[in-house]
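All remarks here apply to the structure that follows.
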Amino acid sequence: MFDLDLNSAVSWIKKNGYGSVAVQLPEGLKGDALRISDFLSNLTGASVIILGDPCYGACDLFTDHRIYADALVHFGHSPIHPQENDEDVLFIEVRADPDIEDAVRKASGMLPKRIGLLATVQYIGLIQKAKAVLEEDGKEVFVGKGDSRIFHPGQVLGCNYSSAASVRDEVDAFLYLGEGDFHPLAAAFSTKKEMLVLNPVMGEIRKVDEAKERMLRKRFATIEAAKAAESFLVIVCTKAGQNRSAAADIMIDMINGQGKKAYRLTIGEIGPDALMHYKVDAYINTACPRIAMDDSARYSKPMLTVTEAEIALGIRKWEDYEFDTII
């Protein structure tokens with residue numbers, strides 16, 4: 001279903017004369033790792049090193065690849081600035097190109113006049129196709145340009161939805177091309193606009209209202225539980241695109257300013273087993289917000305994002321709740 005564009009990787013390796021190449025794959029593509037290794041080594045003569053650690057996005061870019069190889073091929077994601085400036089790193093944006101014309105026409109009938117289009121990188125190539133169908137149906141269509149963290153117009157990340165925010169005043173609703181709830185929910189909270197999700201593979205169309213209410217109930221309960229906390233573990237991730245030391249500094253100052261105790265933890269892979277040793281009342285995650293949002297049930301103590309911690313500490317009101325953003 002997904003185009004891995006291995007020939008581009010072969011051409012790049014040959015052009016630069018690399019004798020060894022590290023390959024980094026997201027979890028959903030690790031089943032292709034051996035095939036990719038064989039393909040690249042057979043056609044280039046280079047030795048291939050498969051990186052086995054978890055990879056959740058470009059924010060997980062393995063920056064120490066030169067310890068093991070001359071270059072790195074990172075599959076599945078677009079670069080986050082300034083990653084595109086590393087001449088020894090190639091990003092292969094794995095794409096899918098299903099036929100979405102009928103589904104977009106159906107979605108059009110559920111949408112108002114002015115529409116913003118959003119997608120994850122796997123489906124970013126579908127935006128112009130959807131735009132053409134919607135405009136043919138008489139809609140006004142807008143594709144926003146995000147900040148420096150966003151590589152393509154209309155692209156959204158789990159931690160950044162600035163492409164949606166850039167056109168929120170021009171649109172009445174958004175159509176999101178992708179799978180899952182997290183990305184469209186983040187954009188919906190940012191823009192305060194109606195959000196319709198079109199799954200390009202299944203052709204399914206749905207609203208996010210029910211998922212939004214379900215998520216809010218869970219997050220409200222987590223924040224309320226953290227309000228009684230007297231000690232916090234403020235987590236800083238060492239991953240290239242998730243390290244937010246400055247945000248951690250601000251959070252620690254806020255906690256100490258209220259007479260509570262803050263401990264700073266620097267770690268590469270965040271998970272329940274890694275945190276169980278630290279006897280605090282609550283965790284504050286400054287890394288990928290999905291760690292707190294999607295996996296909170298896995299932790300024995302309240303796991304908060306930065307914006308949620310501000311609510312728990314009384315610095316932000318619940319009515320001003322929004323998803324945490326990395327810029």
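Nothing fancy with the numbering, it's 1 onward along the sequence. Every heavy atom of this structure was used, including side-chain atoms; hydrogens, water molecules and symmetry mates were not.
More than 12 heavy atoms of other residues, nucleotides or ligands shown are found within 6.0 angstrom of NZ on K139.
Between D53 and K30 no salt bridge is recorded (no basic side-chain N to carboxylate O distance below 4.0 Å).
The aromatic ring centres of Y278 and Y283 sit 6.0 Å or more apart.
In the model, R219 has no side-chain atom that pairs as donor or acceptor with a side-chain atom of T305 under 3.5 Å. Using a 3.5 Å distance cut-off with no hydrogens or angles, the side chains of E308 and Y321 do pair a donor with an acceptor. For the residue pair Q83 and H74, no side-chain donor N or O sits within less than 3.5 Å of a side-chain acceptor on the partner. S78 and Q155 share a side-chain donor-acceptor pair at under 3.5 Å. There is no side-chain donor-acceptor pair under 3.5 Å between D324 and T307.
Taken to the nearest 0.5 Å, the CD1 atom of I205 stands 8.0 Å off from the CG atom of L175. With values rounded to the nearest 0.5 angstrom, I92 atom CD1 is found 13.0 Å from Q24 atom CD. Here the straight-line distance linking atom CD1 of I80 with atom CG of L157 works out to 5.5 Å at 0.5 Å rounding.
Two residues are said to be in side-chain contact when any heavy atoms from C-beta on lie closer than 4.5 Å; T325 and C159 fail this criterion. Counting only heavy atoms from C-beta outward, the side chains of V280 and F232 never approach each other to under 4.5 Å.
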